[in-house]
Novice: 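Structure provided below as structure tokens; questions to follow.
For the numbers below, each heavy atom of this structure counts, side chains included, while hydrogens, waters and symmetry mates do not.
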Amino acid sequence: MTRDHGPSIKDDETYQALRDDGASKEKAARIANARANDDMHPSKKGGEAAAYEDWTKDELYDRAKEIGIDGRSDMTKAELIRALRRH
């Protein structure tokens, strides 16, 4: 049985499942409350940036350099994409 986490948590079951999976209290509360709100869609894809596959290798390299991925100069386009997604 899911316990009551108080009035600030709108979906106690989701909150508890997220906490059990290791989410912080703040993150679990944000997601649980968003899922409880019919006007929000937390499972939908976020930003409007183009998929990495649509970027040039130079653009991927520049992004990898910006965030400090080691070994980027020896990476292929596919390797850069994998490294960026892991980061």
Side-chain angles (χ1 to χ4, degrees):
M1 180 171 165
T2 304
R3 57 181 248 230
D4 182 7
H5 293 93
S8 64
I9 305 298
K10 307 301 181 212
D11 184 343
D12 288 311
E13 187 174 322
T14 299
Y15 175 85
Q16 190 60 50
L18 290 164
R19 290 290 292 141
D20 290 346
D21 286 342
S24 69
K25 289 179 181 180
E26 181 182 336
K27 181 177 181 179
R30 262 195 333 265
I31 294 170
N33 290 341
R35 286 190 179 164
N37 183 341
D38 291 335
D39 294 332
M40 296 180 82
H41 306 284
S43 62
K44 285 192 175 180
K45 185 178 178 195
E48 299 297 321
Y52 282 141
E53 288 78 11
D54 296 336
W55 292 29
T56 66
K57 184 177 178 188
D58 288 338
E59 290 170 328
L60 293 166
Y61 176 86
D62 289 343
R63 179 65 180 141
K65 182 178 179 182
E66 184 179 304
I67 60 178
I69 294 175
D70 292 329
R72 63 188 171 271
S73 60
D74 296 325
M75 292 183 184
T76 64
K77 181 176 179 176
E79 291 169 331
L80 285 165
I81 291 171
R82 276 194 299 279
L84 288 166
R85 287 192 172 138
R86 281 194 309 261
H87 197 275

Novice: What are the two closest heavy atoms between Ala29 and Ile9, and how far apart are they?
Specialist: CB-CD1, 3.5 Å
Novice: Going by heavy atoms in the side chains, are Lys27 and Leu18 under 4.5 Å from each other?
Specialist: no
Novice: First locate atom CG of Leu60, then atom NZ of Lys65, and finally report the distance between them rounded to the nearest 0.5 Å.
Specialist: 14.5 Å
Novice: For residues 79-87, please give each side-chain donor-acceptor pair under 3.5 Å, one per line with the distance, not counting sequence neighbours.
Specialist:
residue: Glu79; atom: OE1; partner: Thr76; partner atom: N; Å: 2.7
residue: Glu79; atom: OE1; partner: Thr76; partner atom: OG1; Å: 3.4
residue: Arg85; atom: NH1; partner: Glu53; partner atom: OE2; Å: 3.1
residue: Arg85; atom: NH2; partner: Glu53; partner atom: OE1; Å: 2.9
residue: Arg85; atom: NH2; partner: Glu53; partner atom: OE2; Å: 3.0

Novice: Testing the 3.5 Å rule here: is there a donor-acceptor pair between the side chains of Gln16 and Asp12?
Specialist: no
Novice: Can you give the donor-acceptor pairs under 3.5 Å from side chains of residues 66-75 to other protein atoms, not counting sequence neighbours?
Specialist:
residue: Glu66; atom: OE2; partner: Arg63; partner atom: NH1; Å: 2.5
residue: Arg72; atom: NH1; partner: Ile69; partner atom: O; Å: 2.7

Novice: How many angstroms lie between atom CG of Asn33 and atom OH of Tyr15, to the nearest 0.5 angstrom?
Specialist: 10.0 Å
